[in-house]
Amino acid sequence: MNKYTPIIGLEVHVELKTESKMFCRCSADYFGKEPNTHTCPVCLGLPGALPVPNKTAIEWCVKIALALNCKINEFSKFDRKNYFYPDLAKGYQISQYDLPFGYDGITELKSGKKMRIRRVHMEEDTGKLTHENGASLVDFNRSGLPLVEIVTEPDFHDAEDVKEYLQNLQQIVRYLDVSNADMEKGDMRLEPNISLALTTTLQDGTQEIIPVELLPNYKVEVKNINSFKFVEKAINYEVKRQTELLDKGERPAQETRGWDSVKQRTFSQRSKEDAQEYRYFPEPDIPPITHTKEQISSILKEVPELPAKKIARFEKEYGISFTDAEILSREKLLADYFEKVTSLRDHEVAKQSQQTPQAIAKWIINKKVDYATVTPEVLLKHMAAAKQTVAIDEQEFDRIAEEVFSENPQAVAACKSGKDSVIMFLVGQFMKKIGKKVDAQLVRKKLQEKL
Amino acid sequence: MDITKLTITQAKKDLAEKKYSSVELTKAYLDRIKKVDAKINAFVTVTEEEALKNATEADKQLVKGSSLPLLGIPLSVKDNFSTRGIRTTASSKVLDEYIPPYDATVVTKLKNAGMVLLGKTNMDAWAHGSSTETSDYGSSRNPWNTNHLPGGSSGGAAASVAADEAIAAIGSETAGSIRQPASWCGVVGMKPTYGRVSRSGVIAMGSSLDSPGSITKTVEDSALLLHVIAGQDPLDATTSPKAVPDYLKNLKDKISNLTIGISDDYFEGVDPEVQASVEQAVKDLEKLGAKIKKINLFHPKYAIAVYTIIQRAEVSSNLARFDGIRYGNDRSFFGDEAKRRIMLGTYTLSAGYYDQYYNKALKVRTLIIEDFAKAFKDVDVIVGPTSPTTALPVGASKGKAMFGEIADILVEPSSIAGLSGINMPVGFSKTGLPIGMQIIGPQWGEEIVLNTAYNYEQAHSLLDKKPKL
């Protein structure tokens with residue numbers, strides 16, 4: 001039987017959250033605004049209007065590239081990508097062709113697998129079409145927004161890894177504070193390229209690695225997916241679809257497909273059998289961009305500790321579990337908050353209650369502490385208060401325990417038959433009745449004894 | 001006194017002395033336009049209302065003693081400069097009804113300097129040509145002989161000045177579009193260094209070449225206008241941060257230390273009358289103290305190929321936005337010349353041809369830039385004929401797809417290199433058509449170019465000669 005290995009590469013567009021657009025001073029805060037109110041001659045592509053690049057956007061693009069361990073082109077430029085579409089005001093998109101800001105990067109997954117980043121480049125977004133009542137309307141509010149495109153090598157072989165990479169990428173751009181990466185708003189658009197390579201199983205049971213020159217001679221691109229889950233589904237759907245075709249001896253068509261989230265399937269959009277003809281050439285309206293080594297290293301200095309490193313450090317430095325470290329590191333502000341609380345624990349109130357980093361981590365995670373409203377000091381006070389419990393009078397304990405038992409015969413029976421988990425229900429009932437802050441662990445122990 | 005025969009400098013003085021008002025001056029020009037423009041067709045749009053409004057405002061400022069550099073001065077502006085609220089067509093019917101919501105930076109600067117806008121001048125459609133014969137609004141005519149062409153693409157601009165329909169004109173040059181029509185119409189045409197004057201709002205032709213400039217009656221007016229329109233623009237990333245010098249300051253200095261370069265290749269195939277006139281002008285410059293030095297430059301024919309490839313490629317991309325969805329008229333309104341350029345440009349940028357054409361052209365362009373840079377180590381300016389011929393008769397461009405490139409052969413190399421240059425009227429042919437000499441300076445060499453031109457003009461002014469209309 002034929003055995004196929006999925007060969008998957010990813011193109012991800014990330015919309016930056018700069019104040020103004022990429023090539024004009026229009027506000028980039030366009031989402032949900034009245035159509036065509038965030039426009040000017042430049043982003044409308046009016047005759048004679050010229051693009052002037054947004055320095056912050058370029059710096060942020062370089063920052064993303066550096067965070068993905070890319071090399072930076074010291075000499076770079078913008079190019080025109082010529083194509084027609086009604087939402088493209090100028091008849092070309094300003095993008096980067098042969099000299100992207102970043103190239104040859106690498107990013108690591110939890111499993112230790114290394115995925116290569118081919119390039120990180122800067123381009124502008126297009127307008128948006130809506131079709132209603134038989135008419136097509138163009139809204140140019142989004143036209144000219146800064147987009148960073150991150151392209152990987154075809155190093156992925158399953159949807160799981162793809163999902164992890166995408167989640168990492170989302171975290172990274174949020175850590176860098178350069179994009180909200182809000183999927184719902186289209187801040188991150190995902191395009192997996194999927195094809196299948198024939199692999200043979202060797203005698204020792206391992207699979208033969210596919211040499212680069214034997215990569216599949218077709219590529220299916222699924223465009224503009226806006227959720228990680230859909231990417232996963234689209235990949236799995238494509239793997240199945242392509243497997244069936246290959247098994248029948250057919251080569252899947254080289255094409256662009258869309259994802260239908262209702263029917264849960266991909267569908268053909270346009271053929272790409274012929275090479276795309278974008279007639280790239282250097283954008284004459286924008287002089288080449290140079291980055292000196294000094295400039296690059298000063299941007300690198302602004303790249304904060306990224307999630308992967310932070311998790312490892314949290315485990316080592318604070319002795320917290322990987323799971324907790326991972327949860328705390330999902331958001332940079334939350335991770336910072338955890339560290340702030342931890343650093344305060346030797347002071348004042350905290351000192352007496354002797355909180356451990358592990359306890360702090362658990363508390364933040366379990367109580368879903370809102371770091372924006374609960375200051376680290378207040379959090380430590382809460383933790384200290386929780387530790388203070390009132391002693392229980394034996395008689396009082398017995399009386400309430402009896403009440404709880406008689407009111408919940410089913411739970412008592414369940415406990416006795418060995419369903420330990422039900423004990424917590426009884427503890428809860430007990431706590432409610434006593435109306436005082438008592439040590440729940442102690443209550444549990446005593447209730448268990450009594451049963 | 002006929003107040004339409006004045007220069008900016010003279011009119012400014014008169015306005016300051018209250019000899020007449022800006023409204024009177026403006027009306028005189030509007031009358032002149034009414035009288036002669038049926039013959040010349042220099043204007044696509046005459047902005048009478050706007051002009052009188054500007055002039056009335058200028059008169060108020062004049063009373064207050066304001067000394068803005070162009071206060072109350074009636075000018076014409078080429079129809080590829082966006083003018084807010086005023087139709088801007090680039091002489092193409094595609095934009096027949098296009099009214100820009102913003103001003104080109106040059107227009108803003110002129111307005112801030114107090115200009116009175118008389119109207120928008122005719123040109124080759126999209127600036128594609130050197131005759132105005134590709135205009136969708138009919139060709140303009142040469143004021144010296146209306147059976148002849150004014151040149152182009154800023155043909156309407158040059159004709160408007162030569163015919164005294166405007167004191168001066170704003171034009172644009174990609175390769176020859178200011179200097180060649182200035183030469184054919186016998187006026188001063190200045191093409192500044194690429195990046196000296198903002199392109200923002202100028203309907204793009206060859207983006208890496210387009211240079212807004214002026215057409216005037218005198219060199220002094222040219223210096224004055226350049227000072228107004230030059231400078232870095234936050235709306236054009238290709239403008240230079242270099243400070244703008246006061247072009248009037250050293251304008252009148254003697255040129256006794258000047259070295260002028262002459263390349264024989266620039267006289268090859270040139271009409272004998274033109275050659276003789278320009279050679280005489282070179283001798284005249286020598287008499288004024290300049291040293292003449294023979295130099296070797298690449299033959300100008302190489303520039304044609306380079307220019308054609310780069311410009312067509314940029315054109316094909318720049319015109320893509322006129323896709324029929326906006327601006328009123330669709331692509332069927334493009335004329336033949338625009339269609340030819342779109343096709344050729346699209347071809348040269350196509351996969352498999354890019355390296356062969358566009359990329360190679362860029363490499364040769366670099367060689368041409370280096371060639372000039374080397375020459376300017378030995379000489380201060382380079383002088384030669386502006387155009388190989390005097391104004392050609394109406395219809396001369398018909399059926400000649402490369403008409404412009406051939407007509408502009410002598411100005412293309414310096415345009416490709418982004419240099420500064422000026423056309424100076426130096427004489428007339430036996431048939432009474434003007435002959436022009438170009439003075440090419442290095443990049444940012446506007447001062448030395450103007451200084452050389454001024455010295456020549458002072459000794460050999462042709463200002464008294466006027467076309468009979």
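Only the backbone of A:Pro51 comes within contact range of chain B, with heavy atoms under 4.5 Å apart. Looking at B:Asn318, both its backbone and its side chain come within 4.5 Å of chain A, counting heavy atoms on both sides. With a 4.5 angstrom heavy-atom cutoff, B:Tyr194 touches chain A only via side-chain atoms. Contact annotation for A:Asp285: both backbone and side-chain heavy atoms come within less than 4.5 Å of a heavy atom of chain B. Only the side chain of B:Ile325 comes within contact range of chain A, judged by heavy atoms closer than 4.5 Å. For B:Pro100, no part lies under 4.5 angstrom from a heavy atom of chain A. The part of B:Tyr98 that comes within reach of chain A is its side chain, from C-beta onward, which places non-hydrogen atoms under 4.5 angstrom from that chain. In this structure, no portion of A:Tyr83 lies under 4.5 Å from any heavy atom of chain B. For a residue to count as touching a neighbouring chain, one of its non-hydrogen atoms must lie under 4.5 Å from one of that chain's; by this rule B:Tyr353 does not touch chain A.
Of the listed residues (A:Asn82, A:Ile286, A:Val138, A:Val42), the greatest number of heavy-atom pairs within a distance under 4.5 Å of chain B belongs to A:Asn82. For the set B:Ala351, B:Ala90, B:Ala204, the entry with the most heavy-atom pairs within less than 4.5 Å of chain A is B:Ala351. The candidate with the highest count of non-hydrogen atom pairs below 4.5 Å against chain B, out of A:Pro41, A:Gly91, A:Cys24, is A:Pro41. With respect to chain A, the highest number of heavy-atom pairs below 4.5 Å among B:Thr346, B:Thr348, B:Leu209 belongs to B:Thr346. Between chain A and the residues B:Ser317, B:Ala320, B:Ser207, the most heavy-atom pairs under 4.5 angstrom are made by B:Ser317. For the set A:Phe23, A:Tyr92, A:Phe84, the entry with the most heavy-atom pairs within less than 4.5 Å of chain B is A:Tyr92.
A cation-pi arrangement is not found for B:Lys339 relative to B:Phe334, the charged atom failing to lie both closer than 6.0 Å to the ring centre and inside a 45° cone about the ring normal.
Checking side-chain atoms of A:Gln254 against main-chain N and O of A:Lys219 turns up a donor-acceptor pair under 3.5 Å. With hydrogens and angles ignored, the 3.5 Å screen pairs a side-chain donor or acceptor of B:Tyr102 with a backbone N or O of A:Ala49. Counting only distance, with no hydrogens or angles, the side chain of B:Arg326 and the backbone of A:Ala89 share a donor-acceptor pair below 3.5 Å. With hydrogens and angles disregarded, no donor-acceptor distance shorter than 3.5 Å links the side chain of B:Ser316 to the backbone of B:Ile342.
For the side chain to side chain donor-acceptor pair (under 3.5 Å) with B:Tyr137, the lone residue among B:Asp96, B:Thr132, B:Thr45 that qualifies is B:Asp96.
Donor-acceptor pairing under 3.5 Å is recorded for the side chains of B:Ser154 and B:Lys78.
No salt bridge links A:Asp139 with A:Lys128; every basic N to acidic carboxylate O contact stays at or beyond 4.0 Å.
Once rounded to the nearest 0.5 Å, the distance linking OG of A:Ser20 with CG of A:Asp29 reads 12.0 Å. Note that OG of A:Ser179 and CD of A:Glu15 are 7.5 Å apart. Values are rounded to the nearest 0.5 Å.
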